[in-house]
Asker: 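Quick one: this structure, given as structure tokens, is what I'll be asking you about.
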Amino acid sequence: MYTSVQVQEQVNFWLTDYDAARELAKKENKKLLIDFKTKYCPACTALDKRVFSNPQVIESIKKYIPVKIDATDTSSQPFARLQQPLEIK
């Protein structure tokens, strides 16, 4: 099991600016890996602690440009802008 400091260090490689991540993905010719999360989502916290902190998963994620999108307020950007094109319900 990982300490909270280790988990935070592992999670910090995620970008939070969708537009910047998209530009970087174009520049590096990589695909985006988008993680939608909310502040009240226990599954999101579990993913950060148990999956996204795993060294093997982190190594696999390096093939992509990872970006976390806050979906707590569904009217906020960039979530609202992505909701229809990505068919998020």
Asker: How close do Pro66 and Trp14 get, heavy atom to heavy atom, and via which atoms?
Answerer: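 Of all heavy-atom pairs spanning Pro66 and Trp14, the closest is CB-CE3, 3.3 Å.
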Asker: Got a second to check how far Leu32's CG is from Leu24's CG, nearest 0.5 Å?
Answerer: 9.0 Å
Asker: Please name the pair of heavy atoms, one in Lys39 and one in Asp70, separated by the smallest distance, quoted to 0.1 Å.
Answerer: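 Heavy-atom minimum between the residues: CE-OD2, 3.6 Å.
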Asker: Taking C-beta and beyond as the side chain, do Phe52 and Lys68 meet within less than 4.5 Å on heavy atoms?
Answerer: yes
Asker: Nearest 0.5 Å, what's the CG-NZ distance between Asp48 and Lys37?
Answerer: 6.0 Å
Asker: Got more than 12 heavy atoms from elsewhere within 6.0 Å of CD, Glu28?
Answerer: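 Buried by this count: over 12 neighbours within 6.0 Å.
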Asker: Search all heavy atoms of Thr72 against all heavy atoms of Thr38 and return the closest pair with its distance.
Answerer: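 In terms of heavy atoms, the two residues are closest at OG1-CA, 3.3 Å.
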Asker: Any chance you could measure Arg22, atom CZ, to Ile65, atom CD1, to the nearest 0.5 Å?
Answerer: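 Spacing of CZ (Arg22) from CD1 (Ile65) equals 13.5 Å.
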Asker: Atom CG of Asn54 and atom CD of Glu59: how far apart are they, to the nearest 0.5 Å?
Answerer: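 Here the rounded value is 11.0 Å.
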Asker: If you draw a 6.0 Å radius around NZ in Lys30, do more than 12 non-hydrogen atoms from other residues or ligands fall strictly inside?
Answerer: yes
Asker: Between Val51 and Val57, which heavy-atom pair has the shortest distance, and what is it?
Answerer: O-CB, 3.4 Å
Asker: Checking Lys31 side chain against Lys63 main chain: does a donor-acceptor pair fall under 3.5 Å?
Answerer: no
Asker: Quick one: pull up CG in Leu33 and CG in Leu15 and give me the separation to the nearest 0.5 Å.
Answerer: 11.0 Å
Asker: Looking at Val67 and Ala21, what are the two nearest heavy atoms and their distance?
Answerer: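 Heavy atoms only, the tightest pair is CB-CB, 3.8 Å.
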